[in-house]
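Right, one structure below, let's go through it.
Please read all numbers here as calculations on a predicted model, not as lab measurements. Naming: A, B, ... by sequence-line order, numbering from 1 per chain.
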Protein chains: 2
Amino acid sequence: MHLTVSEENYIKAIFHLQEADGTVSTNQLAANIHTKPASVTDMLKKLTSKRLLLYKPYQGVRLSSEGRKLALEIVRKHRLWESFLVDKLQFGWDEVHEVAEELEHISSKKLVDKLDQFLGNPRFDPHGDPIPDSNGVMVSLRQVNLLDLKPLTRAEVCSVGSQSPELLELLKHKQILIGTRLEVQCKFEFDHSLEIQLEARGNITISQQLAQALFVKTI
Amino acid sequence: MHLTVSEENYIKAIFHLQEADGTVSTNQLAANIHTKPASVTDMLKKLTSKRLLLYKPYQGVRLSSEGRKLALEIVRKHRLWESFLVDKLQFGWDEVHEVAEELEHISSKKLVDKLDQFLGNPRFDPHGDPIPDSNGVMVSLRQVNLLDLKPLTRAEVCSVGSQSPELLELLKHKQILIGTRLEVQCKFEFDHSLEIQLEARGNITISQQLAQALFVKTI
DNA sequence: AAAAATATTTAGATTTGTCTAAAAATATTT
DNA sequence: AAATATTTTTAGACAAATCTAAATATTTTT
């Protein structure tokens, strides 16, 4: 089954969007892929005819099992390449996303498996997201949203909720990385902000929006 | 200057074809790129309007200096990725060409330069071809065609004339690799074949066509 | 140098992925 | 439940890269 770059991008977007809801709407997809709803409808029909989607007009779409398998291959490639860029080529973890968006479409199965081996079969990428193995199996992180922690809980950041440049910029400014350790000092009901203590920088305040984007494991 | 994959493939093909002649014909290009002459004409017009080619209808085409610069970037990427695949991922040197054909179109300049550094700034790829540096400069091999050697000359294979699957198959069968050492035993005027002695296998006969595809340095 | 063969370009069609504008379906509000 | 708003689909157009068939240039042969 050979897919174009466009087709792969739709499959990947549907995969990520259906994590939240079970089903994905045309408009959601259009916004995510930076295209128009009419274009999405065209592509949904095409991918459905290739048996990669379960799609009823007006009722939204989700991946078929075949589509899910392909999505996991793309996600695997994306995350392995990100790992390569950070671990081997010394890229910063906040500058690898765009390059990996290109590399994830290289088709050779052998390349991916050799790359995986070369990297030591990592289970998580530099953002803390799990990497599917060659069968599409990935461990799910036992991770908690930072917002859910009680005061005085110590935790370590292990993943972030998106790779948007805006979020990455903010994290850089606050000096928060994967692996950063912190302790929740107190929570403010008014705006749902958090005061947290960072090992390196002392106490800082974090907005509700930022806290929701941070996933941690307690330590 | 952003180019599509198709455009890059035309630039690369013209670069390689004009090594031999100074100028490249529409039919040559069509054969090389596995397309029709009419399609080539269309693309020549397009790339000429982007100032990458020097092209007069019916008179053939060659790269402008801007086009040559882009070609060298593509060749650099191709050969660096081939080096990566062989040196780091343990691919055989005869199975990397196709994968590198995809990888060479990844656009990030930073990626290429970091990859170059990671590999230790190699000057030659696994086929023995020189790798342009980030300024497009490459050392030319002091290499001799095997056919030009006199009997009793010892030499080492350092590059092959093409990457066609047919040639690679033959080299595999004869157990000839980059780095293989040999001594020319005698030359036959009748069919211009050569008898050579390989360190590992003893004496074998090599056709004119094969000898012409092998470049060596004397040792 | 004319005729024949070959190479190249032009003209018009096709496919893919996108778009805008309008129509149809669904969801929300009153 | 009607009216309104939103979402989604359809219809038709467009740009990129290709194709076939026909026209035109160039080269080779006689």
Do [X] side-chain atoms and [Y] backbone N/O form a donor-acceptor pair below 3.5 Å?
| X | Y | result |
| --- | --- | --- |
| Glu102(B) | Ser107(A) | yes |
| Asp125(A) | His127(A) | yes |
| Arg79(B) | Pro132(B) | no |

*Check salt bridge (Lys or Arg N to Asp or Glu O under 4.0 Å) between Lys56(B) and all other residues, then give those that pass, not counting sequence neighbours.*
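Once residues adjacent in sequence are excluded, Lys56(B) has no partner under the salt bridge (Lys or Arg N to Asp or Glu O under 4.0 Å) criterion.
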
*Rounded to the nearest angstrom, tell me the gap between atom NE2 in His34(A) and atom C1' in dC19(C).*
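That distance rounds to 17 Å.
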
*Taking only residues two or more places apart in sequence or in another chain, which ones pass side-chain contact (heavy atoms from CB on, under 4.5 Å) with Leu119(A)?*
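Here the qualifying residues are Leu80(A), Ser83(A), Phe84(A), Lys88(A), Leu115(A), Pro122(A).
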
*asked:* Assess, by modelled atom type and distance only, whether the side chains of Glu101(A) and His97(A) contain a donor and an acceptor separated by less than 3.5 Å.
replied: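 There is such a pair (donor and acceptor under 3.5 Å, judged by atom type) between the side chains of Glu101(A) and His97(A).
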
*asked:* For Glu66(B), is the CD atom crowded, meaning more than 12 foreign heavy atoms sit under 6.0 Å from it?
replied: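 Counting other residues, nucleotides and ligands, CD of Glu66(B) exceeds 12 neighbours.
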
*Considering residues, nucleotides and ligands other than Lys69(B), do more than 12 of their heavy atoms fall under 6.0 Å from its NZ?*
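Result for NZ/Lys69(B): open.
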
*asked:* Among His105(A), Glu73(A), Lys12(A), Glu104(A), exactly one meets side chain to side chain donor-acceptor pair (under 3.5 Å) together with His78(A). Which residue is that?
replied: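 Going through the options one by one, the only one that passes is Glu104(A).
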
*Residues from residues 1-12 of chain A lying under 4.0 Å of DNA chain C - heavy atoms*: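 When residues 1-12 of chain A is checked for heavy atoms under 4.0 Å from DNA chain C, the hits, listed by number, are Thr4(A), Ser6(A), Tyr10(A).
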
*Taking a pair as Watson-Crick (N1 to N3 plus N6-O4 or O6-N4) or G-U wobble (N1-O2 and O6-N3), both under 3.5 Å, which stems of 3 or more consecutive pairs involve DNA chain D?*
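Listed by first number, the stems are C:1-30 with D:1-30.
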
*Does any pair with a residue in residues 31-43 of chain A pass salt bridge (Lys or Arg N to Asp or Glu O under 4.0 Å), and if so which ones, sequence neighbours excluded?*
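Residue pairs passing salt bridge (Lys or Arg N to Asp or Glu O under 4.0 Å), neighbours aside: none found.
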
*Nucleotide by nucleotide, 5' to 3', does protein get under 4.0 Å of the base (B), only the sugar-phosphate (S), or neither (-) in nucleotides 5-13 of chain C, counting heavy atoms?*
--SBBB---

